[in-house]
Amino acid sequence: MLTYCSGLRASETARLKLTDIDSKRMMVRIHQGKGGKDRYSILSQTTLEQLRHYWRNYRPREWLFEGAKKDEPITSHSIQFMFYAARKRAGITKPASVHTLRHSFATHLIEAGTSLHHVQILLGHRSPTTTTVYLHVSRLNLTQVLSPLDRVKPVS
């Protein structure tokens with residue numbers, strides 16, 4: 001859920017610490033993401049509620065998702081394995097990976113009208129060209145686009 005709602009890579013989800021969840025600002029801090037860059041992404045209220053439930057049950061100390069050893073984070077491989085198991089339990093036969101959640105995050109934001117610039121920032125892309133890939137995937141309804149002329153008030 002957190003991987004999708006924040007558009008994270010599996011490796012970024014795996015390396016999150018408890019202190020990376022900012023519930024006051026509804027943000028997630030990604031420390032040293034791809035390219036060694038830090039960034040922030042959004043956090044959904046639904047996910048925050050699930051994280052609070054998770055914390056009450058498991059009481060992680062440093063890493064949000066602890067690995068087999070409590071002082072180490074979960075591995076990206078374990079996240080992939082859990083995703084494939086959940087996909088199978090849900091009866092989903094279409095090919096998908098954890099990274100599909102990141103792609104879906106970007107596509108859904110664009111379809112909802114979020115600017116390409118904001119999606120670029122949330123994903124941590126250096127170049128806007130990288131983010132434009134999601135324009136081809138999204139199904140923007142052109143009938144909902146309003147002509148700039150229709151925004152101008154007529155002169156009487």
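Because the structure is a prediction, the values reported are computed rather than measured.
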Residue Arg15 excluded, over 12 heavy atoms near CZ under 6.0 Å
no
Using the side chain to side chain contact (heavy atoms under 4.5 Å, CB included) rule, take Phe65 and Ile79 through it: C-alpha gap first, then chi angles, then the decisive distance, then the call.
CA-CA 10 Å; Phe65 303 111; Ile79 291 174; 5.8 Å; no
Can you measure from CD (Glu111) to NE2 (His108) and round to the nearest 0.5 angstrom?
5.5 Å
Considering all heavy atoms, the nearest Ser6-Ser41 contact
O-OG, 2.6 Å
Backbone N or O of Ser97 within a donor-acceptor pair of the Thr100 side chain at under 3.5 Å?
yes
Give the intermediate values and the outcome of side chain to side chain contact (heavy atoms under 4.5 Å, CB included) for residues Lys37 and Arg126.
CA-CA 10 Å; Lys37 294 188 340 182; Arg126 290 180 198 205; 3.5 Å; yes
Which atom of Ala14 lies closest to which atom of Ser76, heavy atoms considered
CB-N, 4.1 Å
Residues two or more places apart in sequence or in another chain: which of them pass ring pair (Phe, Tyr, Trp, His ring centres under 6.0 Å) with Tyr58?
Tyr54
Is there a side-chain contact between Asp22 and Arg29 in this structure, where contact means two heavy atoms from C-beta onward sitting under 4.5 Å apart?
no
State, to 0.1 Å, how close Glu66 and Pro60 come at their nearest heavy-atom pair, and which atoms those are.
OE2-CA, 3.5 Å
Assess whether side chain to side chain contact (heavy atoms under 4.5 Å, CB included) is satisfied between Leu109 and His118, documenting all intermediate values.
CA-CA 9 Å; Leu109 284 177; His118 285 113; over 6 Å; no
Show your working on side chain to side chain contact (heavy atoms under 4.5 Å, CB included) between Arg52 and Ser23 and close with a plain yes or no.
CA-CA 10 Å; Arg52 286 179 172 154; Ser23 60; 3.6 Å; yes
Over all heavy atoms of both residues, which pair between Ser127 and Gln120 is shortest? Give the atoms and the distance, please.
C-NE2, 3.7 Å
So among His125, His31, Glu12, which one has a side-chain contact (heavy atoms from CB on, under 4.5 Å) with Arg39?
Glu12
Looking only at non-hydrogen atoms, find the nearest pair between Ile74 and Met82 and report the distance.
CD1-CE, 3.2 Å
Are Pro128 and Leu116 close enough that some pair of their side-chain heavy atoms sits under 4.5 Å apart?
no
Grab the two heavy atoms, one from Trp55 and one from Leu18, that are nearest each other, plus how far apart they are.
CD1-CD2, 4.0 Å
Would you say Phe81 and Tyr4 are hydrophobically clustered, going by side-chain heavy atoms of ILVMFWY under 4.5 Å?
no
Examine Leu8 and Trp63 and state if one hydrophobic cluster contains both, with Ile, Leu, Val, Met, Phe, Trp and Tyr joined whenever side-chain heavy atoms are less than 4.5 Å apart.
no
Transitively linked via ILVMFWY side-chain contacts under 4.5 Å: Met27 with Val119?
no
Considering only heavy atoms from C-beta outward, does the side chain of Phe105 approach that of Ile42 to under 4.5 Å?
yes
Checking Leu64, Leu51, Leu2, Leu122 against Val28 for side-chain contact (heavy atoms from CB on, under 4.5 Å), the one that qualifies is Leu2
In residues 86-94, what donor-acceptor pairs under 3.5 Å come from side-chain atoms, sequence neighbours left out?
{"from": "Arg87", "atom 1": "NH1", "to": "Ala96", "atom 2": "O", "distance (Å)": "2.6"}

Nearest 0.5 Å, please: how far is SG in Cys5 from CG in Leu48?
9.5 Å
Whether the side chain of Thr47 engages the backbone of Leu43 through a donor-acceptor N/O pair (distance < 3.5 Å, no angle test) should be reported.
no
